[in-house]
Trainee: 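Handing you a structure now.
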Amino acid sequence: MTTMTLLEAVTDALRTEMRNDDRVVVFGEDVGRKGGVFLATQGLQDEFGAERCFDTPLSECGIVGTAIGMALYGIRPVAEIQFLDFIYPAFDQIVSEAAKMRYRSGGEYTCPLVIRSPYGGGIRGGHYHSQSSEAYFCHTPGLKVVIPSTPADTKGLLIAAIRDEDPVIFLEPKRIYRTAKGDVPEGEHVVPLGKGRVVREGTDVTVVAYGAMVAICEKAADEAQKRGRSIEIIDPRTLVPLDEPLILESVKKTGRCVVVFEAPRTCSYGSEIAAIVAEKAIGHLEGPVVRVGGFDTPFPYSLEHLYMPDVRRVLLGIEKTFNW
Amino acid sequence: MTTMTLLEAVTDALRTEMRNDDRVVVFGEDVGRKGGVFLATQGLQDEFGAERCFDTPLSECGIVGTAIGMALYGIRPVAEIQFLDFIYPAFDQIVSEAAKMRYRSGGEYTCPLVIRSPYGGGIRGGHYHSQSSEAYFCHTPGLKVVIPSTPADTKGLLIAAIRDEDPVIFLEPKRIYRTAKGDVPEGEHVVPLGKGRVVREGTDVTVVAYGAMVAICEKAADEAQKRGRSIEIIDPRTLVPLDEPLILESVKKTGRCVVVFEAPRTCSYGSEIAAIVAEKAIGHLEGPVVRVGGFDTPFPYSLEHLYMPDVRRVLLGIEKTFNW
Amino acid sequence: MNRTSATAEEPFSILEADGKAGRDKDPNLTPELLKRLYEVMVTTRVLDERALALQRQGRIGFYLQALGQEASHVGAAAALRDSDWLFPAYRQPGIPLLRRVPLDDIVNEWFGNDGDICKGRQMPVHYSFRQANFVSISSPIGTQISHAAGAGMAARIRGDDTVFMAFFGDGGTSSNDFHCGLNFAGVFKAPVVFVCENNQWAISVPLAQQTASASIAITASSYGMPGVRVDGNDVLAVYRVCKEAVERARKGEGPTLVETVTYRMASHSSSDDAARYRDAKIHDEWKERDPIARFQRYLHKKKLWTEDWELEIHERARHEIHEAVKRAEALPRPSLDSLFEGVFMNLTPQLVEQRAELLALKGPESEELGHFPL
Amino acid sequence: MNRTSATAEEPFSILEADGKAGRDKDPNLTPELLKRLYEVMVTTRVLDERALALQRQGRIGFYLQALGQEASHVGAAAALRDSDWLFPAYRQPGIPLLRRVPLDDIVNEWFGNDGDICKGRQMPVHYSFRQANFVSISSPIGTQISHAAGAGMAARIRGDDTVFMAFFGDGGTSSNDFHCGLNFAGVFKAPVVFVCENNQWAISVPLAQQTASASIAITASSYGMPGVRVDGNDVLAVYRVCKEAVERARKGEGPTLVETVTYRMASHSSSDDAARYRDAKIHDEWKERDPIARFQRYLHKKKLWTEDWELEIHERARHEIHEAVKRAEALPRPSLDSLFEGVFMNLTPQLVEQRAELLALKGPESEELGHFPL
Ligand SMILES: Cc1ncc(C[n+]2csc(CCOP(=O)(O)OP(=O)(O)O)c2C)c(N)n1
Ligand SMILES: Cc1ncc(C[n+]2csc(CCOP(=O)(O)OP(=O)(O)O)c2C)c(N)n1
Ligand SMILES: [Mg+2]
Ligand SMILES: [Mg+2]
């Protein structure tokens with residue numbers, strides 16, 4: 001075990017898999033010499049050479065399009081999109097090509113690739129360096145979507161993603177890149193995709209949260225505890241495929257559910273969790289399923305701290321499941 | 001009143017607004033000389049000239065990017081995307097630019113434009129000529145999303161969309177382009193955005209459906225009636241902004257809710273309706289909120305008729321709200 | 001100081017009207033290869049005709065012909081080794097034939113039946129033939145261009161000498177992927193030959209509305225690669241130009257853009273009627289340059305062509321297609337189960353549940369579907 | 001027959017090292033215009049320095065300098081009429097000054113305060129100045145290129161003689177919108193001048209990794225428009241080249257691509273440290289070609305420059321910026337209400353409800369945010 005930040009865990013995972021499998025290549029804008037704008041790929045070009053860790057022209061479309069070509073040919077691309085806000089020029093390649101390749105070819109051609117990208121608010125990045133667009137990818141059949149919230153999970157899930165035979169969108173909560181610290185196993189460490197994590201057990205309300213929202217929910221749970229509410233927090237870790245039983249069993253136990261996320265509310269992943277609960281645990285619900293998310297506005301700069309769910313809003317959400 | 005098909009209503013709306021407002025221009029791939037692959041723009045180039053109805057190069061990115069530039073400058077672009085499946089090369093322009101222009105500039109610059117596109121399955125178009133991706137747009141703050149299900153609504157909503165001061169994604173259910181026929185008012189006819197429609201009244205279950213699914217639900221409701229279930233069908237018509245009260249009041253009356261849509265289930269608009277109901281009408285629910293949608297697979301060709309919700313599946317969904 | 005736009009150079013050609021090869025230009029291919037090229041081109045045309053007829057009879061849902069473009073894609077692909085990869089668009093039906101893909105695999109795809117490699121997921125002509133290194137075709141225009149660049153980059157990283165060939169139309173040059181695909185290929189010196197079949201039309205949009213560039217080939221300089229214009233109705237010229245490009249790629253000298261200048265003789269697809277927007281006169285001019293007739297005259301001169309042989313090719317093609325169609329029509333639809341397979345390598349719990357939902361349905365399946373594109 | 005890639009031509013320049021104008025090249029601008037250009041360039045540099053200092057002091061969150069590129073964008077924009085439109089990127093701070101945008105409007109944007117035209121929605125330097133026909137800047141690279149093409153198409157449709165100028169970097173030429181924007185402009189003969197400020201770097205990626213093209217200007221021929229390479233550190237040359245392009249556009253002769261060859265003297269932004277990836281030697285070479293010093297020598301020769309005047313410009317700029325900053329720092333944040341305004345023209349019921357939710361919150365606002373980009 002070594003203590004590291006979530007950001008260091010990203011680098012550690014990449015290094016581990018690049019050592020382990022020489023088919024793994026890492027590329028994107030500024031990932032080579034500079035080591036990435038967040039320095040997530042620092043040292044990789046030095047260790048593995050510019051053939052396996054390299055800079056690309058400024059084209060997300062090209063990054064993903066060529067990653068697909070590489071995956072088709074049989075190497076293992078791990079592409080970085082500098083900020084998730086800039087992934088849209090590649091949207092066609094992701095949605096029309098990577099996601100559908102296996103299905104449309106009857107399994108003849110497949111796309112085992114990883115697209116890593118920092119996402120979410122909390123670093124004063126404003127409109128275009130803060131968005132949480134996981135829902136777009138979750139809505140697209142054929143993509144796996146993974147979001148870690150701890151350094152250990154980051155390493156284990158990223159390694160699992162690289163080894164996966166299907167395209168994985170791996171979203172890194174940049175707000176906690178350096179604030180989330182924890183013990184991380186050295187060398188091989190795999191956290192299987194599709195398995196959630198009970199962050200803390202509780203009996204009164206189930207709170208589902210991922211990424212940077214997990215820590216906020218833990219603080220809120222501490223507060224709620226003081227007010228006599230016992231909160232169970234579930235971090236799904238893999239949004240697609242989802243560990244539904246973990247969530248449903250918890251909700252059946254607590255009878256209440258709050259989903260916390262940063263994205264705009266409409267058609268969000270929060271809506272998805274709410275819909276699943278409303279479809280499959282209705283008989284156990286003792287209150288409304290409450291979504292605590294971003295607002296249905298673009299992401300602001302100066303009022304960022306009000307836009308994002310904070311402890312106050314999580315607590316209010318919890319209260320709503322009791323008083324409605 | 002004239003009887004026309006939904007497709008003819010599209011043309012009628014375009015013609016009416018082009019006559020009414022000389023700032024309105026119509027363009028896209030093959031919309032000029034050929035009149036569109038579905039012939040929705042037939043006759044417009046003849047009547048209004050190639051300056052106001054014209055063909056573009058094969059670039060959705062360019063179509064939407066230039067449409068935004070036109071809207072900024074003050075004319076009223078109505079862009080056609082040949083099939084909704086091909087809108088993704090323009091996704092960045094739609095999500096990062098059109099949707100955010102007013103907000104990010106503090107209202108200095110705005111984007112009143114319409115993107116029209118045929119969507120949905122049912123014409124044996126397989127993988128890439130059948131998708132329903134309304135959820136991507138609904139999840140994007142700053143976009144209005146409209147889907148008509150009758151010829152009269154098509155005309156009224158499209159005219160409202162062209163007159164709207166914000167970007168509107170206008171999705172046309174191509175499966176019923178020629179099969180949906182009905183009376184349409186001549187000349188000016190505006191159906192305001194944001195108002196839903198009660199397709200039929202009923203007391204036992206609220207079915208929310210839009211586009212080509214409305215007609216399927218009407219058939220299912222007839223069947224259900226025979227079995228003693230009284231179905232209320234609501235067509236929201238505008239997905240964003242949604243006429244929530246119309247749906248919530250209906251659900252509060254019936255105590256049951258089924259949402260029917262063609263898109264893959266996860267993070268769909270169906271999930272959104274379910275989430276709203278689970279948040280705001282929980283005390284009135286007597287059964288689970290059921291989503292009857294496409295499956296979480298890419299759209300198939302040969303098994304299309306099994307992929308899309310049909311009367312059988314709507315009936316099963318209705319039954320699930322009673323027996324669960 | 002204003003660099004004004006270049007004018008288009010004349011396409012390189014070899015075959016002259018009378019069937020002779022231009023001075024010093026004949027690539028002197030072996031009789032076997034010459035005959036093979038001809039046979040594939042003719043078979044392609046027969047296949048195309050039969051498929052369109054099936055569509056007109058309502059037996060398959062859609063079809064897209066390559067009439068008049070047989071030399072352009074067959075000549076290009078023939079410059080490759082079998083181990084080289086193809087990233088095709090939808091208008092290169094001759095390539096599967098050239099690569100000896102079994103006819104049943106082709107025909108079953110049209111029907112989307114249980115024998116279809118793609119399990120009936122895509123419309124007709126969206127083939128995938130892994131055995132032939134023929135990568136799955138998709139409908140969105142241009143996307144395969146950056147795939148080819150990426151595969152080329154991968155081969156370079158691995159140290160393989162595989163060469164990659166991507167096909168697309170004049171319309172495809174306007175796509176996002178044309179720009180980023182050629183750009184990446186140029187920067188990373190990917191071993192790719194980009195073949196633009198410039199057939200003058202993108203559905204109803206003529207070339208002049210597609211780009212103001214004097215030619216497609218000159219755009220190559222934007223990407224630091226050579227660009228070549230070649231007569232797309234001249235199979236020898238296309239072959240020779242592509243052969244050079246393939247050699248360059250294999251030697252590590254990077255990508256080439258080849259523009260084959262040709263003409264789409266048919267309507268865009270079975271859903272289209274080109275008479276609505278196209279001048280018949282130009283059509284007739286191109287008919288004069290029919291790639292099969294031109295090549296036939298050359299072979300005739302070389303005494304490699306006889307009427308009997310011609311008949312034999314036609315007969316064999318018709319017969320084999322007929323038999324394959326018979327077999328294809330006897331096959332059922334893909335199983336209901338197959339709907340859920342291959343979204344991922346393994347079924348997710350959600351897909352297992354959704355499959356169960358579908359399997360539990362009772363009553364007749366409804367099938368009131370429309371036609372493409374209505 | 002292989003059309004090999006062109007080599008780059010030398011950039012057009014006027015100002016010689018000693019401050020003379022090259023033979024027959026001097027555009028003979030009026031003393032007023034010459035002095036105005038110089039003043040704007042110097043003020044731009046002062047503004048940039050002050051802003052970076054504020055960022056280093058933690059008073060604003062982010063900044064992006066244009067150090068060394070003052071001639072490139074000021075010279076280009078000066079070729080326009082005030083009624084012409086600008087579609088800028090984020091590295092043209094001189095243009096608002098040229099167009100006499102009030103300093104407060106600029107400075108308030110850095111602070112994202114209640115006086116900010118953009119209501120604090122965007123990071124510093126993402127200005128919008130409608131009064132100055134300066135269109136809202138966004139972060140995604142390249143998107144403004146196709147907007148400019150579209151606006152140009154619209155003006156043609158309306159019969160207006162407005163000209164449009166879009167700015168972007170060498171990195172921006174790899175974007176989807178560079179390709180489709182120039183393509184549409186070429187096909188529709190839009191009255192647009194596309195100015196690529198080729199400063200050799202896109203953050204840490206050098207030009208050679210961005211494109212294998214010999215230059216940016218030669219890519220113009222892909223779009224059937226003229227392309228011009230100009231010395232971007234020579235304000236007279238940039239002005240003259242752009243003036244010609246603007247005239248062409250206004251006469252209905254279509255778009256031009258101008259490549260200004262320059263160098264990004266600073267790090268990419270306040271978050272970047274160019275020493276990590278860039279050779280200091282080349283940096284020093286470019287310092288020799290400083291656009292302000294070069295222009296100063298020319299003015300000096302023409303007796304239009306004095307030390308006093310120089311001091312005066314600096315003093316005035318520093319003073320005015322200082323005052324504007326003082327006013328800006330006194331302003332509060334935008335109101336909480338403002339968070340929900342301007343998503344659409346009118347608030348939707350959903351937004352009204354969400355606003356109420358936020359307004360109902362009690363207790364202290366938490367603000368444990370990180371820094372950009374950490
Ligand atoms: C991204 C995208 N937009 C639109 C279409 C619809 N479409 C299908 S084929 C075609 C024209 C293609 O023209 P070209 O690339 O020249 O190829 P050709 O058909 O001439 O072989 C269009 C517009 C599509 N398939 N993909
Ligand atoms: C689509 C997109 N991808 C990535 C980024 C991150 N990014 C910001 S500036 C920049 C480099 C831009 O280089 P260039 O276009 O040459 O402009 P310069 O900064 O040199 O003026 C990058 C990669 C972005 N803003 N948008
Ligand atoms: Mg074509
Ligand atoms: Mg640059």
Trainee: Would you mind reporting whether B:Ile276 and B:Ile247 have side-chain heavy atoms less than 4.5 Å apart?
Mentor: no

Trainee: Do A:Leu143 and A:Val168 make a side-chain contact, defined as non-hydrogen atoms from C-beta onward lying under 4.5 Å apart?
Mentor: no

Trainee: Measuring from A:Glu319:CD to A:Phe322:CZ, what's the distance to the nearest 0.5 Å?
Mentor: 6.5 Å

Trainee: Say you draw a straight line from CD1 of B:Ile234 to OG1 of B:Thr206; how long is it, rounded to the nearest 0.5 Å?
Mentor: 6.0 Å

Trainee: Between B:Phe261 and B:Tyr210, does a ring-ring contact (aromatic ring centres under 6.0 Å, His included) hold up when you go through it step by step?
Mentor: CA-CA 7 Å; B:Phe261 54 95; B:Tyr210 48 89; 7.3 Å; no

Trainee: Assess whether a salt bridge exists between B:Arg102 and B:Glu165, defined as any Lys/Arg side-chain N lying under 4.0 Å from an Asp/Glu carboxylate O.
Mentor: no

Trainee: Say you draw a straight line from NZ of A:Lys144 to SG of A:Cys138; how long is it, rounded to the nearest 0.5 Å?
Mentor: 13.5 Å

Trainee: Cation-pi check, A:Arg124 to A:Phe299: give yes when NZ or CZ is under 6.0 Å from the six-membered ring centre and within 45° of the ring axis, no otherwise.
Mentor: no

Trainee: Under 3.5 Å, is there a donor-acceptor pair between the side chain of A:Glu262 and the main chain of A:Gly293?
Mentor: no

Trainee: Is any residue of residues 263-275 of chain A within less than 4.5 Å of chain B by heavy atoms, and which ones?
Mentor: A:Ala263, A:Pro264, A:Arg265, A:Thr266, A:Cys267, A:Ser268, A:Tyr269, A:Ser271, A:Glu272, A:Ala274, A:Ala275

Trainee: Between A:Ser250 and A:Glu232, do the side chains contain a donor N or O and an acceptor N or O under 3.5 Å apart?
Mentor: yes

Trainee: Is there a side-chain contact between B:Leu171 and B:Leu84, using heavy atoms and a 4.5 Å cut-off?
Mentor: yes

Trainee: What's the separation between atom CG in A:Leu72 and atom CD in A:Glu108, rounded to the nearest 0.5 Å?
Mentor: 11.5 Å

Trainee: For each of A:Cys61, A:Gly294, A:Pro288, tally heavy-atom pairs with chain B at distances under 4.5 Å, and name the one with the top tally.
Mentor: A:Pro288

Trainee: Which region of A:Leu242, side chain (C-beta onward) or backbone (N, CA, C, O), has a non-hydrogen atom less than 4.5 Å from a non-hydrogen atom of chain B, or is it both or neither?
Mentor: neither

Trainee: If we only count heavy atoms from C-beta on, is the B:Leu316 to B:Ile318 side-chain gap below 4.5 Å?
Mentor: no

Trainee: Please classify the contact of B:Thr140 with chain A as side chain, backbone, both or neither, using a heavy-atom distance under 4.5 Å.
Mentor: both

Trainee: Heavy atom to heavy atom, less than 4.5 Å: which residues from residues 127-136 of chain B reach chain A?
Mentor: B:His127, B:Tyr128, B:Gln131, B:Ser132, B:Ala135, B:Tyr136

Trainee: Taking the basic N atoms (NZ, or NE/NH1/NH2) and the acidic carboxylate oxygens, is any pair closer than 4.0 Å for A:Glu279 and B:Lys320?
Mentor: no

Trainee: Quick check: do A:Lys195 and A:Arg237 have side-chain heavy atoms less than 4.5 Å from each other?
Mentor: yes

Trainee: Using non-hydrogen atoms and a limit below 4.5 Å, what part of residues 253-260 of chain A faces chain B?
Mentor: none

Trainee: B:Leu193 versus B:Val146: any side-chain heavy-atom pair under 4.5 Å?
Mentor: yes

Trainee: Taking 4.5 Å as the heavy-atom cut-off, does anything in residues 85-96 of chain A contact chain B, and if so which residues?
Mentor: A:Asp85, A:Tyr88, A:Pro89, A:Phe91, A:Asp92, A:Val95, A:Ser96

Trainee: Before giving the answer on side chain to side chain contact (heavy atoms under 4.5 Å, CB included), spell out for A:Arg104 and A:Met101 the whole-Å C-alpha distance, their side-chain angles and the decisive distance to 0.1 Å.
Mentor: CA-CA 5 Å; A:Arg104 80 169 190 232; A:Met101 188 64 76; 3.4 Å; yes

Trainee: For residues B:Ile282 and A:Leu285, determine if any side-chain heavy atom of one lies less than 4.5 Å from a side-chain heavy atom of the other.
Mentor: yes

